[in-house]
Amino acid sequence: MPARLGQGQWALGYREPLNKNEQVKKDNDGLAVRQRIIDVYAHRGFASIDPADLRNRFRWYGLYTQRAQGIPGGRTAVLEPEELEDEFFMLRVRIDGGQLSAAQLRTVAGVAGEFGRDVADVTDRQNIQLHWIRIEDVPEIWRRLEGVGLSTTEACGDTPRVIVGCPLAGVLADEVLDATPQLRAVADRYIGDPAFSNLPRKYKSSISGCTRFCTSHEINDIGLVGVLGPDGSPGFDLWVGGGLSTNPKFGQRLGAFVEPARVPEVWAGVTGVFRDYGYRRSRQHARLKFLLADWGPERFRTVLEKEYLAAPLPDGPAPPESTVERDHVGVAEQRDGRYAVGFALRTGRTSGTQLARIAGLSEEFGAGRVRTTGQQQMVILDVSDVDGLVAELDAQDLPVRPSTFRRGTIACTGLEFCKLAIVETKVRGQWLYDELERRLPGFDEPVTINVNGCPNSCARFQTADIGLKGQIGRGPDGEDIESFQVHLGGHLGAESSFGKKFRGLKVTAAESADYVERVLRGYLERREPGERFAAYVARAEETWLT
Ligand code: HEM
Ligand code: SF4
């Protein structure tokens, strides 16, 4: 394959760094920055931070400088990093599987309140992201988080990021298996392991045994999906190579069955293939999906089995298709007869104060178990007095039965804190669902609206019914106007597809509610009985959608 020679694949002997990020990782491993933060930077302050640590290795501990306040989106592409960045950090706390005890949540809440101006975001990968963090406070923050078994290790960077898992793992009656032991085994053994701390790029994992696929295994680098194996016992179907960003790809099945005991071995094997064979020349082509696109699943499986596993994997079945909503808002009965109560935040935005209240409610009404979801929502488990809890949550503006619009709207970090952003997102998303609730009262078809501040797709615009991708438009006098490119009809599951982009289909942010209202009214008028929005879009004439 001469075309791929010189892609910086370690396994082929290309060890010389071919770009700056690779050089930085070779010079000094990302994990080594922790001690410098504790010993040096926390004492000497922001100005003392080596730029290679600040803009690269800090990510290995979930630290990312936030956008300086007041810089408009039109300046994002023209300013230098030092002009865009603030002296404050975003800090991502990893919550593998979205599983939190009340004590853990209360600790995160306290950190947000004391060190992060009381701002907290539940992200679409089940993490909690804080803002306004000062480097001086980071050692104390780690001390508190680690004291309750949480960490920020490898929450960002070219590493194994948070492992997403079903928030209702272990409690739902209809799951294929509770994947918590496998998820924990991988996280405990391999997160922070120097064997996997220098990957070609970020690496996202999903390990889940639920039947509604709320963790979106199709768009993770590795997805282990609960299935019944060849002999009828539960295990996992293995998917690799999914991811969104500017070049989205669905993961592909390798056709292999992974019995539960082999999950850590197989996870390490796939991650090893990525580390050793992944392309390290261009950051744009460094994700696992590009290797898979060149190799195909068969070759990938052969290399995995021959070079990385103790024994080949048996063939296994595909998971059954699921068309139910992939979220966990509302009340679900647990197999022990108690209830899991899921509620909506406001596009993931919350506060330390509110998180502390949620921790308290989980103790008062449940057993102190809380979950974050991949849809920027939360769940309290083990509830008996559902009505009592629902009333308390409602009083906090945390609805268990939110409108379709509030339930289905997520938003990325956006212009408020993100240096790559072009438009504002969180407040825009909240405005949008408020407007739609007012304009289309009683609308109860499930619709997802994903608001993104730039093409990187942290809020997954390609897989939403209505995906909004921020960009700058031009006003009548040539001025910059916040706008969105619209992608319609994206969905995962049966016949999954990325949203369609119509030529020239842009709306200004201010007109976005008018536009969405118009498209949804057209859907209500023209849809066939039982027809979902994505199916309607697939057969719609262009004029119905513009
Ligand atoms: C090259 C740059 C980036 C790319 C390609 C990118 C892409 C993505 C993608 C595809 C997701 C995953 C969504 C999912 O699978 O559920 C994600 C998650 C996320 N991204 Fe980014 N992103 C980039 C930079 C950033 C930056 C600079 C920020 C903020 C300052 C950011 C904030 C987030 C957040 C908060 C999440 C939720 C994920 C988590 O909890 O790990 N991203 N990103
Ligand atoms: S989509 Fe763009 S603006 Fe939004 S968080 Fe990701 S990088 Fe930032």
Side-chain angles (χ1 to χ4, degrees), residues 21 55 58-59 62-68 73 76-77 81 84-86 88-96 98 120-131 152 154-164 201-206 214-223 242-251 282-287 289 326 347-349 372-376 410-426 428-429 448 450-464 467-472 482 484-485 492 498:
N21 296 70
R55 305 207 179 97
F58 267 37
R59 295 178 192 180
L63 283 160
Y64 213 117
T65 49
Q66 66 187 43
R67 185 187 188 90
T76 298
L84 274 169
E85 75 197 2
D86 213 333
F88 298 97
F89 294 88
M90 308 192 317
L91 179 64
R92 190 176 290 164
V93 182
R94 70 183 292 148
I95 303 170
D96 294 284
D121 290 333
V122 172
T123 76
D124 61 1
R125 287 184 62 80
Q126 301 181 290
N127 291 317
I128 297 183
Q129 193 152 297
L130 309 178
H131 304 277
T152 69
E154 298 183 334
C156 305
D158 297 349
T159 64
R161 308 282 189 94
V162 68
I163 305 172
V164 293
R201 219 168 169 296
K202 67 174 97 167
Y203 182 73
K204 298 183 176 173
S205 308
S206 161
C214 59
T215 61
S216 304
H217 56 275
E218 303 97 324
I219 53 169
N220 279 266
D221 293 273
I222 176 169
L244 292 179
S245 181
T246 49
N247 199 333
K249 299 224 187 302
F250 291 121
S282 150
R283 302 284 292 168
Q284 260 70 45
H285 292 101
R287 290 288 295 274
K289 60 190 173 183
R326 289 188 171 200
T347 56
R349 172 57 51 83
T372 51
T373 82
Q375 291 73 32
Q376 303 183 336
I410 65 171
C412 77
T413 304
L415 197 67
E416 188 183 11
F417 297 119
C418 176
K419 288 172 295 187
L420 303 178
I422 306 172
V423 306
E424 202 286 324
T425 48
K426 293 259 182 217
R428 178 62 63 193
T448 51
N450 296 15
V451 186
N452 292 260
C454 85
N456 282 323
S457 198
C458 301
R460 309 189 287 248
F461 64 82
Q462 299 98 332
T463 60
L468 301 175
K469 179 178 89 182
Q471 57 182 34
I472 292 292
E482 288 207 338
F484 293 104
Q485 165 101 58
L492 298 171
F498 295 124

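The structure presented is a predicted model; accordingly, all values stated were derived computationally and were not measured. First listed ligand is number 1; within each ligand, the first listed atom is number 1.
At a heavy-atom cutoff of 4.0 Å, ligand 1 is contacted by the side chain of M90 but not by its backbone. For R92, every heavy-atom contact with ligand 1 shorter than 4.0 Å involves the side chain, none the backbone. At a 4.0 Å heavy-atom cut-off, ligand 1 touches L420 through the side chain alone. At a 4.0 Å heavy-atom cut-off, ligand 1 does not touch R67 at all.
Checking only distances, N456 never comes within under 3.5 Å of ligand 1, N or O to N or O. Close N/O approach between T123 and ligand 1 is found [any backbone or side-chain N/O within under 3.5 Å]. Looking at ligand 1, you won't find any N or O of Y64 less than 3.5 Å from one of its N or O atoms.
The shortest heavy-atom distance from K204 to ligand 1 is under 4.0 Å. Heavy-atom distances between R460 and ligand 1 reach below 4.0 Å in at least one pair. For the ligand labelled ligand 1, residue Q126 lies outside the 4.0 Å heavy-atom shell. A heavy-atom separation below 4.0 Å is not found between K419 and ligand 1. For S457, the heavy-atom gap to ligand 1 drops under 4.0 angstrom. Not close to ligand 1: E218, with no non-hydrogen atom less than 4.0 angstrom away. Within the structure, the closest approach of Q66 to ligand 1 does not fall below 4.0 Å when heavy atoms are considered.
Contact annotation: C458 places an N, O or S atom under 2.8 Å from atom 21 (Fe) of ligand 1. Using a cut-off of 2.8 Å, one finds that C454 contributes no N/O/S atom close to atom 6 (Fe) of ligand 2. Taking 2.8 Å as the threshold, C458 does not count as a candidate ligand of atom 8 (Fe) of ligand 2, since none of its N, O or S atoms lies below it.
Salt bridge status for R92 with E154: absent, with no side-chain N to carboxylate O gap under 4.0 Å. Ionic pairing of R287 and D221 is present here: one or more N-O contacts between side-chain nitrogen and carboxylate oxygen are shorter than 4.0 angstrom.
Each of the atoms 1 (S) of ligand 2 lies under 4.0 Å from some heavy atom of S457. Annotation for ligand 2: atoms under 4.0 Å from non-hydrogen atoms of G453 are 3 (S), 4 (Fe). Shown in contact with T413 at under 4.0 Å from a heavy atom are these atoms of ligand 2, numbered in order with element: 5 (S). Of all the atoms in ligand 2, the ones that sit under 4.0 Å from a non-hydrogen atom of L420 are 7 (S). Near C418, meaning under 4.0 Å from one of its heavy atoms, ligand 2 places the atoms 3 (S), 5 (S), 7 (S), 8 (Fe). Proximity to N456 (heavy-atom distance under 4.0 Å) selects the following atoms of ligand 2: 7 (S). Close contacts between ligand 2 and A421 involve ligand atoms 3 (S) [criterion: under 4.0 Å to a heavy atom].
The CZ atom of R283 sits 9.5 Å away from atom NZ of K202, with the distance rounded to the nearest 0.5 Å. To the nearest 0.5 Å, the span separating CG on D124 from CD1 on I410 amounts to 4.5 Å. For the atom pair CD of E482 and CD of Q471, the computed distance is 11.5 Å after rounding to the nearest 0.5 Å. A distance of 11.0 Å separates OG1 of T448 from CZ of R326, quoted to the nearest 0.5 Å.
Among protein heavy atoms, atom 4 (Fe) of ligand 2 sits closest to C412 SG, 2.2 Å.
Ring centroid separation for the pair F498 and F250 comes in under the 6.0 Å cut-off.
The aromatic rings of F417 and H131 lie parallel to each other, their planes meeting at an angle below 30°, with 60° marking the opposite boundary.
Side-chain contact, S457 with Q462: a donor N or O sits under 3.5 Å from an acceptor N or O.
For atom 38 (C) of ligand 1, the nearest non-hydrogen atom from the set Q462, R287, Q375, R125 belongs to R125.
Judged by a 6.0 Å distance limit and a 45° cone about the ring axis, R161 is not positioned over the six-membered ring of Y203.
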